[in-house]
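All chains are named by letter (A, B, ...) in the order of the sequence lines, taking the proteins before the strands, and each is independently numbered beginning at 1. Keep in mind the model is a prediction, meaning the values are calculated, not measured.
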There are 2 protein chains.
Amino acid sequence: EKVVVRGVAVDKDQAKVIVSNLPDKPGSAARVFRALADANVMVDMIVQNVGRGGVANLTFTVPQTDQVKAQRALEPVLAAMGGGQVAIHEQIAKLSVVGVGMKTHSGVAATLFQALAAANINIEMISTSEIKISVIVEQERADEAARVAHAAFHLDQL
Amino acid sequence: EKVVVRGVAVDKDQAKVIVSNLPDKPGSAARVFRALADANVMVDMIVQNVGRGGVANLTFTVPQTDQVKAQRALEPVLAAMGGGQVAIHEQIAKLSVVGVGMKTHSGVAATLFQALAAANINIEMISTSEIKISVIVEQERADEAARVAHAAFHLDQL
Ligand SMILES: C[C@@H](O)[C@H](N)C(=O)O
Ligand SMILES: C[C@@H](O)[C@H](N)C(=O)O
């Protein structure tokens, strides 16, 4: 399937919420997200990598206006689970490259990551699907990140 | 926006490749994915959580037939970067819940995670977008995971 990158989007109104030391057993993620759903927190990106030593780190993004609500919803749940800390960072932005056929080619990821690397923009988080690659970068680099991604995929020449 | 879950998909032909201790600075992710693209490795899910202590763990999934190619492509790159290890696990499966409007509601994530938790199925990785929530579970629990997810979203009653 031909890979076609359609566009680049940047969202600067996001905060990342890092839940660290979550017990890596059934039920942990469920309790975190049930608490967030009950508090009407809008969750965008969720990233959890494999656990180690029985614990895992779970990070998700929310609109900046929901960060306090998210923290308050999580503190009692983490305390009840016997561990786990919440940290919030709002100086971030989400950059997404949208396309089709991206699954069949690690080249799109490579192109985006190389463009950001060349601009010395650090990639804080990565989450992908067949139609979208999203990365979290520092908020003050967001506009530059969007520009270099645009150029890397020749979207400025359409 | 109304949340509508449309379907559940399970893919048992995946292997997860964990790259640990990757230097958390611009260029690391680019070098990993350029090497994979050059080796024609098909990459599906990519998950990278925030780094700590200057290193990050990056995990991605590939078809089981590509795992050896992925390992061989990465070893020289990691050696050249002065660190980083590759580990591969093939007894995994990817379960995805597809829908629309999922961004606006952490309830869909909560429902899926609760269904898996109730079946005592551990969630190894999570990656989401507005239209899809994907989790990695142990391969031998994949069919059961698909059944409980189906039931949780009442897809068996359509
Ligand atoms: C860490 C968390 O995802 C845990 N493994 C769970 O299944 O809920
Ligand atoms: C870990 C990796 O993503 C690194 N931060 C990079 O920008 O390439």
What residue, out of B:Ala30, B:Ala117, B:Ala115, has the most heavy-atom pairs lying under 4.5 Å from chain A? B:Ala30
Hey, which of B:Asn49, B:Val47, B:Asn120 has the most heavy atom pairs under 4.5 Å with chain A? B:Asn49
By a 4.5 Å heavy-atom criterion (distance strictly below it), what part of A:Thr111 contacts chain B: side chain, backbone, both, or neither? both
Should A:Val17 and A:Gln71 be marked as a side-chain contact (heavy atoms from CB on, under 4.5 Å) after you check the CA-CA gap, both sets of side-chain angles, and the distance that decides it? CA-CA 8 Å; A:Val17 180; A:Gln71 183 145 26; over 6 Å; no
When rounded to the nearest 0.5 Å, the distance separating CD of A:Glu90 from NZ of A:Lys12 is 14.0 Å
Looking only at atom types and distance, does a side-chain atom of B:Arg141 sit under 3.5 Å from a main-chain N or O of B:Ala119, one as donor and one as acceptor? yes
Side-chain heavy atoms under 4.5 angstrom apart, residues restricted to Ile, Leu, Val, Met, Phe, Trp, Tyr: same cluster for B:Val41 and B:Ile46? yes
If you tally heavy-atom pairs under 4.5 Å against chain A, which of B:Ile133, B:Leu112, B:Ile126 wins? B:Ile126
Inter-chain contacts: residues 52-69 of chain B against chain A, heavy atoms under 4.5 Å: B:Arg52, B:Asn57, B:Leu58, B:Thr59
Check the hydrophobic clustering (I, L, V, M, F, W, Y; side-chain heavy atoms under 4.5 Å; chains of links allowed) and say if A:Leu74 and A:Met81 are grouped together. yes
Top contributor to chain B contacts, counting heavy-atom pairs under 4.5 Å, from A:Arg31, A:Arg34, A:Glu124, A:Lys25: A:Arg34
Pick from A:Asp24, A:Leu116, A:Ile18: which one has the most heavy-atom pairs with chain B under 4.5 Å? A:Asp24
Any non-hydrogen side-chain atom of B:Glu138 less than 4.5 Å from a side-chain atom of B:Asn122? no
Could you tell me which of A:Ile121, A:Val50, A:Thr128 has the largest number of non-hydrogen atom pairs under 4.5 Å with chain B? A:Thr128
Quick one: of A:Val32, A:Asp38, A:Ile123, who has the most non-hydrogen atom pairs under 4.5 Å with chain B? A:Ile123
Just how far is it from atom CD of A:Gln139 to atom CG of A:Asp13, taken to the nearest 0.5 Å? 8.5 Å
Do B:Ile131 and A:Ile131 have side chains that get closer than 4.5 Å, going by heavy atoms? yes
Joint hydrophobic cluster, A:Ile88 plus A:Val19, side-chain heavy atoms closer than 4.5 Å: yes
Is B:Ile92 close to B:Gln14 at the side-chain level, that is, under 4.5 Å between some pair of heavy atoms? yes
Taking side chain as everything from C-beta outward and backbone as N, CA, C, O, which of these in A:Ser127 sits under 4.5 Å from a heavy atom of chain B? Side chain, backbone, both or neither. both
